[in-house]
Amino acid sequence: MTGGYGALRVGIIGTGIMGADHARIISTHLGQAVVRVVADVDADRAAAVAATLADARVAPDALALIRDPEVDAVIIASHDSTHAALTLACIDAGKAVLCEKPLAPTIEDCREVVAADAAAAKSGRRLVSVGFMRRFDPAYAELKAALGAGEAGDALLVHAISRGVSSAPGSTSEGSITGSAIHEFDTVPWLLGSPITEISWHAPKSTSLDTGLQDPQVMLIRTADGVLSTLETFLNARYGYDILCEVIGETGTLVLRNPARLHRNAAGSSSLGYAADWRPRFEDAYRLELAAWIDSVIAGEPSPLASAHDGLVATAVARAAIESMRSGGRTVSIDV
């Protein structure tokens, strides 16, 4: 699997913020793998990332990277619209693939990937992993362990908050769901061990900033165990990147807060800083996720990451949330 290089040879498709960061983490922290090939629709951007890596080169396109004999496994960090086709190409080539969320924008495309991955498993093993990195975040892992140990009794209610500094140019109300809230569509059922059965979308008063989208948004999520979860997404909160989660149980609460590394005390005041985006907050999560994926590929063992089916379910919840948004906030059942 390592092609004689002593490490898993990884190809990365998409060298924007996510792809470049994956390349940095692998080259800096994960000695069991090496980034051998990168590809991007912007050849100059791909070349710039390759130049930061030892012995990496640029493929002419994504399919050439997937077919490259010096690539053992593939990370897909390109535009959402490309995910399904490229993941299917990886399955066809028999190569393990880590696809960043979402697995695909449509339920139909997700189902096609799930079916192809299941077919591959019949002759070997499942090849598809989906990048829901919060499963590997130490704070979330501790929260899940505490919940599972019954430290707050049975869960009754979950509050989840996701806030950013500013939305990307061209952001839409739908994009806030498929790009941000979708993390909670995976995290909440993972934490509770219970699937989401219904969702409703609600519009608070929107920020006066000219963002072009409804912001913030609130969603109510019901899981099969009866727990109700509230989800707030606020892409233009301005003050910093902030992720919060609280589980209210029968005998106590479990609260995940911003794990700031530096607490400042000076001039009669005390303060904590916030990151400008998600990368510092989830640096450890990405590193641990990539390490777990690479180790499983080298060992030929099942991936411990989210599966293609998990990706399908998250997309189904996102589609239901958008349906609720477009129909005045009615409650929509999840149909996978």
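One-based numbering along the sequence shown.
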Flag the pair Leu254 / Glu246 as yes when at least one side-chain heavy-atom distance between them is below 4.5 Å, and no otherwise. no
How about Ser167 and Asn236: does a side-chain donor come under 3.5 Å of a side-chain acceptor? yes
May I ask you to decide if Phe234's main-chain N or O and Glu232's side chain share a donor-acceptor pair within less than 3.5 Å? no
Minimum heavy-atom distance Ala224-Ser194, with the two atoms named: N-OG, 3.2 Å
Any side-chain heavy-atom pair of Val58 and Val37 under 4.5 Å: no
Can you list every ring pair (Phe, Tyr, Trp, His ring centres under 6.0 Å) pair that touches residues 15-56, not counting sequence neighbours? His22-Tyr286
The complete set of salt bridge (Lys or Arg N to Asp or Glu O under 4.0 Å) pairs with one or both residues in residues 45-54, sequence neighbours excluded, reads Asp40-Arg45
Just so I know, are the side chains of Phe132 and Phe185 near enough to count as touching, which here means a heavy-atom distance under 4.5 Å? no
Close side-chain approach of Thr178 to Pro105, heavy-atom, < 4.5 Å: no
Under the 3.5 angstrom rule, does the side chain of Thr106 hit a backbone N or O of Asp109 as a donor-acceptor pair? yes
With side chain to side chain contact (heavy atoms under 4.5 Å, CB included) as the test, pick out the partner of Arg36 among Leu53, Asp55, Val10. Asp55
Nearest 0.5 Å please: distance from the CG atom of Asp137 over to the CD atom of Glu289. 11.0 Å
Any sub-3.5 Å donor-acceptor pair from Ser180's side-chain atoms to Ile177's backbone N or O? no
Transitive ILVMFWY side-chain link Ile182 to Ile221, under 4.5 Å: yes
May I ask you to test the Leu244-Leu256 pair for a side-chain heavy-atom distance under 4.5 Å? no
Sorted by chain and number, sequence neighbours left out, side chain to side chain donor-acceptor pair (under 3.5 Å) with Ser129 holds for Ser303
Among Arg319, Met219, Arg222, whose side chain to side chain contact (heavy atoms under 4.5 Å, CB included) with Ile199 holds? Met219
Would you say Tyr274 and Arg163 make side-chain contact, with heavy atoms under 4.5 Å? no
Among residues two or more places apart or on two chains, list those pairs meeting ring pair (Phe, Tyr, Trp, His ring centres under 6.0 Å) that have a residue in residues 53-109. none
State which residues pass side chain to side chain contact (heavy atoms under 4.5 Å, CB included) with Asn265; sequence neighbours excluded, sorted by chain then number. His263, Ser270
How would you list all residue pairs meeting ring pair (Phe, Tyr, Trp, His ring centres under 6.0 Å) that involve residues 138-177, not counting sequence neighbours? none
Is a donor from one side chain sitting under 3.5 angstrom from an acceptor on the other, for Ser78 and Thr82? yes
